[in-house]
Structure formats: C-alpha cells, structure tokens
Amino acid sequence: MSSAAGEATRVGAVYVHAPFCARRCVYCDFAVTVRREGDLPAWIESLGAELRLVEAEGLFRLAPRLDSLYVGGGTPSLLGPGAMRGLAELLGRDRLQDPDLEWTAEANPESFTDSVARAWAEAGVNRISLGLQTFHAAGLKWMGRLHGVEGPARALEAARRAGINNVSVDLIFGLPSALGRSWEDDLERVLALDVPHVSLYGLTIEGGTALGRAVREGRESPVDDEQYREEFLRAAEVFTNAGYVHYEVSNFARPGAEARHNGRYWDGSPYLGLGNGAHSYCEPIRRWNVRDWEDYRTRLRQGKSPEGEREVVGADAAALERAWLALRTREGIVMPEATSLTGKIGLSWRDQGLAVFDQGRLRLTAEGWLVLDRLALEWDDAMSSIDLGKRVRD
Ligand code: SF4
C-alpha cells in the first residue's frame with residue numbers, strides 16, 4: 001500500500017465514473033450528462049487515455065491484483081451489456097483475478113436487464129448497487145426516476161438469475177410529506193427483498209439542482225428536520241432489528257456483507273478514480289478530475305490531463321480527517337483519556353446518548369450520526385486546541 005521514496009504507490013482500489021443518465025433526477029448534482037443511451041466507445045476510449053496518463057505520471061500504479069473495483073455514476077447500466085467486459089480489457093484481466101475481488105457496479109432498475117446482468121456477471125462483476133429510492137409511485141415520479149414500483153424486484157431477479165446475489169439497494173428518506181409516501185411501507189418492502197446490504201440517503205437540497213430552484217422560488221418546501229430525524233432513526237431500528245449491522249452512518253449490512261470499497265475511503269487507503277469528476281487519493285495528495293464529461297473527453301483527446309485540481313493534505317489535516325471518517329463508522333475511534341479535552345467531549349456525547357464506549361473505543365449511536373457534522377466540528381476544535389497548546393508549549 002505504501003511506497004518507498006521515488007516509487008509509485010500500488011493501488012488496489014479503483015473507482016470508475018460512468019457519467020450518463022437518461023434523465024436528471026430533481027435533487028441530483030452529480031457529474032452527470034443526460035443522454036438516452038451511454039456512449040460506450042467514447043467512455044472506454046477516454047478511460048484508456050486517462051489510465052495511460054496516470055501510468056506515465058507515476059504517482060499511482062495499479063496493483064497486480066485489485067481488491068476493489070467500483071463503477072459508479074451516473075447510470076453505469078445505461079452503457080449496456082458490453083460495458084464491464086470493455087472495462088476489464090482496459091484494466092487488464094489479470095488484475096481482476098483475485099478471488100476476493102469485490103467488483104461493484106451501480107445500476108438503475110429500468111436499464112438493468114437480463115442481458116446486462118448476464119454479461120456483467122460473465123465479465124466478473126459480483127456486486128450490484130441498485131438505485132431503488134422508494135416504492136412509492138408518486139415519489140418516483142416527483143424525483144424524475146424512470147422506473148416503476150416493480151422495477152427493483154425485477155432488476156434484483158435479473159441479478160440473481162445471473163448469479164449475482166450480493167446486491168445493495170439505495171433508499172432515500174426525507175421526501176416531502178405532501179407526496180404521501182409511507183416510510184413504513186418502504187422499509188417493509190425493502191426487508192422483503194432480502195438483500196444483504198442497504199444504503200440509506202437523506203434528501204438534501206443543493207442550490208444548483210431543479211429542487212434547489214423550486215425551493216428558492218417557494219414551489220417546494222425545505223426538508224422537514226423532524227421528519228428527517230424520525231425516518232433515519234426508524235430505519236436504523238428496523239434494519240438493526242432485522243439483523244443488519246449499522247456499520248456506517250448511511251450503510252447497513254448483513255454480517256460479512258459490508259462494502260469493501262467504501263472501507264478504503266474511510267480507512268485512508270490510496271485509491272485511484274478514473275472518469276469525469278472522479279477523486280483519487282494517495283497520501284498526502286488528493287486530486288480530482290474536471291466534472292464535465294465533454295471537457296474531460298476533449299482534454300484526453302488532446303493528450304492533456306483531465307485533472308481539475310489537487311491539494312496536499314497536511315499531517316494535522318490528515319489526522320483530523322481520519323478521526324472524522326472513523327466517527328462515521330461503527331469502528332469509531334480509540335477512547336481518549338477521560339481527563340483530556342477529547343475525552344471530556346466523548347463523555348459528554350455519551351451522557352447525551354450520542355455515543356457509547358465499547359471495548360476502549362468511542363462509537364457514535366444512530367442519534368449521534370444524525371448530528372455527525374456538529375460532532376465532527378466539536379472534535380476538530382478540541383484536536384486543534386490540543387495541537388495549538390502543544391505548539392505554544394514547544
Ligand atoms: S440516476 Fe443517480 S446519477 Fe443519474 S440523475 Fe438520478 S440521482 Fe443523479
């Protein structure tokens with residue numbers, strides 16, 4: 001994982017962005033380009049050109065065997081059956097031979113057909129992340145989703161028929177109450193799918209989206225904080241009671257089905273991101289590509305790097321980031337001395353029901369995860385004062 005001076009870091013975790021969506025969802029501010037179909041030849045050609053530049057630059061070098069490959073979007077399933085075979089050829093088949101490789105591809109129900117599922121499974125995909133969001137017809141329409149309420153079950157069956165049983169579904173909470181969506185009904189229907197993994201996302205309103213504009217113009221209401229809180233806590237209760245482990249603020253898994261790829265982000269491992277808007281990290285450098293697909297593609301066609309920006313993450317910032325990322329997960333952080341500043345903060349979180357102490361570690365509860373951003377700032381302030389104190393004493 002780490003590299004000796006002058007050597008490129010061997011990267012075992014790769015993210016590949018597929019930018020195409022058939023329609024933009026009302027809340028979406030991802031790096032997406034709207035097309036009826038994905039442009040597979042242009043996608044593969046651009047990724048290949050980027051990979052050659054990455055290899056020539058020498059900061060990252062792909063490991064001989066990847067342990068995690070994640071194809072996200074966008075809607076990767078819009079690229080059709082041949083997409084994953086093309087990607088495998090690009091990355092090198094030998095790199096995808098590790099028997100423990102977790103190869104996830106995101107899919108939307110309307111474009112995840114039997115032929116896509118079969119071809120992806122043959123290429124080596126062994127985990128599907130399915131954008132389900134809700135079973136409520138009016139909610140799907142409001143979001144601009146293209147699948148109906150029966151879409152997720154049909155797509156799940158296609159995955160299972162192709163031999164891919166490791167399926168995660170995305171579920172959204174905090175939808176406007178005026179839609180009349182029943183959260184209990186959605187939770188029950190997700191449990192009935194009997195999938196090993198569920199990702200839970202709260203609706204957020206980003207300024208540049210159709211929803212952001214509608215809220216500014218008074219046509220839609222902002223997210224109701226109390227409903228947001230109740231739905232998150234209820235989902236945590238329902239999934240935990242059903243045997244899922246709430247192993248990260250937004251993720252629930254049957255024991256052993258935790259997503260490996262996200263773990264790489266949370267534990268500070270290096271990862272390479274390919275595609276428009278994709279981020280890469282190799283301590284101490286974080287860099288990200290230009291967001292726009294056409295800009296990304298044009299740069300590569302001209303032989304230029306698609307890198308948009310990069311930053312050097314200093315040692316203090318990296319330590320704080322690690323603490324923040326650890327607070328997101330069930331692992332939590334090593335419990336500091338009770339008399340230290342951070343120890344006192346931990347005690348106060350525990351007394352408020354926001355954290356528990358467990359085997360020498362401080363872990364946030366579901367209540368704590370609801371206010372993760374505030375707690376992370378408190379932690380950040382405490383760590384900064386400790387560092388400042390040290391520097392003053394030095
Ligand atoms: S399908 Fe996903 S990536 Fe595409 S527009 Fe909707 S939310 Fe965004």
Side-chain angles (χ1 to χ4, degrees), residues 15-40 42-43 47 70-80 83 104-113 116 120 127-152 154-156 158-159 167-176 179 181 186 190 197-215 220 223 250-251 259 261-262 273-279 288-296:
Y15 171 84
V16 181
H17 188 68
F20 308 105
C21 283
R23 186 195 286 170
R24 188 179 276 274
C25 299
V26 68
Y27 54 82
C28 179
D29 78 336
F30 297 151
V32 158
T33 188
V34 176
R35 299 271 175 90
R36 193 144 31 129
E37 287 179 358
D39 187 344
L40 181 57
W43 187 63
L47 293 173
Y70 192 103
V71 186
T75 308
S77 46
L78 206 57
L79 286 161
T104 304
E106 292 181 355
N108 275 357
E110 70 279 2
S111 47
F112 193 65
T113 58
V116 170
W120 286 13
R127 184 171 182 274
I128 294 292
S129 173
L130 197 59
L132 177 161
Q133 314 309 348
T134 178
F135 288 99
H136 185 250
L140 289 170
K141 190 162 176 237
W142 178 82
M143 284 188 277
R145 307 289 296 184
L146 289 167
H147 59 91
V149 293
E150 301 310 324
R154 190 204 47 71
L156 181 59
V167 176
S168 177
V169 295
D170 287 354
L171 183 63
I172 195 164
F173 66 100
L175 293 184
L179 292 170
R181 181 249 199 129
D186 268 348
V190 167
H197 193 279
V198 180
S199 293
L200 188 66
Y201 298 103
L203 179 71
T204 50
I205 299 176
E206 306 292 346
T209 62
L211 182 57
R213 281 190 295 283
V215 170
E220 292 285 355
V223 172
S250 303
N251 288 290
H261 191 81
N262 283 350
L274 299 172
N276 55 304
H279 285 55
W288 51 98
N289 287 342
V290 292
R291 271 176 68 92
D292 181 71
W293 159 251
E294 292 301 340
D295 188 7
Y296 167 83

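FYI, the numbering just counts along the sequence from 1. Just follow the structure's listing: the first ligand is 1, and inside any ligand the first atom is 1.
- In terms of heavy atoms, N276 sits closest to H17 at O-CD2, 3.1 Å.
- T209 and D29 share no side-chain donor-acceptor pair at under 3.5 Å.
- In this structure the side chain of V149 never reaches within 4.5 angstrom of the side chain of H136, judged on heavy atoms.
- Counting only protein atoms, the N, O or S atoms lying less than 2.8 Å from atom 6 (Fe) of ligand 1 are C25 SG, ordered by chain and residue number.
- Classification of E294 and R35 as a salt-bridged pair holds, one side-chain N sitting under 4.0 Å from a carboxylate O.
- Side-chain contact of D186 with T134: a donor-acceptor pair under 3.5 Å is present, judged by distance alone.
- Ring geometry for H261 against Y15 counts as tilted: the plane angle lies between 30° and 60°, on a 0 to 90° scale.
- Ranking the protein heavy atoms by distance from atom 3 (S) of ligand 1 puts G74 N, 3.2 Å first.
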